[in-house]
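Computed over heavy atoms, backbone and side chain alike; hydrogens, waters and symmetry mates excluded. The shown structure was predicted, so the numbers you read here are calculated from the model rather than taken from an experiment.
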Amino acid sequence: MNSKLNVVVRVDLDHARAQVIAKGHITVHSVNALYVVVKRANSLKEGLDVELDVSHAHVDREALEMLHTASESHHLPQKIDPQQAPCTISVLAPRRVTSELRAQRPALIAA
């Protein structure tokens with residue numbers, strides 16, 4: 001697993017959309033870097049819809065929950081955005097799960 005975080009941002013100001021694509025391993029610590037990128041994208045235009053695509057990343061369960069909380073509240077964490085600007089963020093969930101999530105699945109037993 002690549003622990004390096006790779007982030008690409010695509011912005012379409014005409015349609016008020018931005019896409020933040022993250023690859024690598026997203027932890028509770030590195031999720032703050034994603035928040036900063038989302039905040040910068042969000043500041044480009046009022047009412048911008050931001051899509052955070054983590055579908056090609058390994059995302060720790062707690063980090064994914066943090067991302068969903070920001071999506072549901074329409075705000076980034078206060079330590080990232082003290083002004084609490086509205087932020088419409090949708091999260092595309094990961095296809096791969098970390099070992100923490102795998103451990104919660106029942107093991108298959110060969111007969």
Distance, nearest 0.5 Å, that separates CD of Q78 from CD of Q83: 9.0 Å

With a 3.5 Å distance limit and no angle check, can you tell me whether K45 reaches the backbone of A16 through a side-chain donor-acceptor pair? no

What pair of heavy atoms forms the shortest contact from P82 to K39, and how long is it? CD-NZ, 4.5 Å

Heavy atoms only: give me the nearest E51-Q19 pair and the separation to one decimal. OE2-NE2, 2.6 Å

Provide the closest heavy-atom pair for H75 versus S73 in the form atom of the first, atom of the second, distance. ND1-O, 2.9 Å

Whether the H25 and D60 side chains hold a donor-acceptor pair (N or O, under 3.5 Å, no angle test) is what I'd like checked. yes

Check whether any side-chain heavy atom of N32 sits under 4.5 Å from a side-chain heavy atom of K79, and report yes or no. yes

Closest contact, heavy atoms only, S71 versus V91: CB-CG2, 4.2 Å

From the list V50, L44, V37, side-chain contact (heavy atoms from CB on, under 4.5 Å) with V9 holds only for V37

Interatomic spacing from CG in D12 to CG in D49 - rounded to 0.5 Å: 11.0 Å

Rounded at 0.5 Å granularity, tell me how far CD1 in I21 sits from CG in L34. 12.0 Å

Shared hydrophobic cluster, I80 / V59 (ILVMFWY, side-chain heavy atoms < 4.5 Å): yes

Is the shortest heavy-atom distance from the side chain of C87 to the side chain of V38 under 4.5 Å? yes

Between V7 and V54, is there a shared hydrophobic cluster once you connect ILVMFWY residues whose side-chain heavy atoms come closer than 4.5 Å? yes

Distance (rounded to the nearest 0.5 Å) between E62 CD and H29 NE2: 8.5 Å

Please round to the nearest 0.5 Å and tell me the distance separating atom CG of L48 and atom CD1 of I89. 11.0 Å

Grouping I, L, V, M, F, W and Y whenever their side-chain heavy atoms are under 4.5 Å apart, do Y35 and V11 come out in a common cluster? yes

Do the side chains of V28 and V36 join up, straight or via other hydrophobic residues, at under 4.5 Å, putting them in one cluster? yes

For N42 and P86 the tightest heavy-atom approach is ND2-O, 3.0 Å

Taking atom CD1 of I26 and atom CG of L52, what is their separation to the nearest 0.5 Å? 6.5 Å

Heavy-atom closest pair, residues A22 and A57: O-CB, 3.6 Å

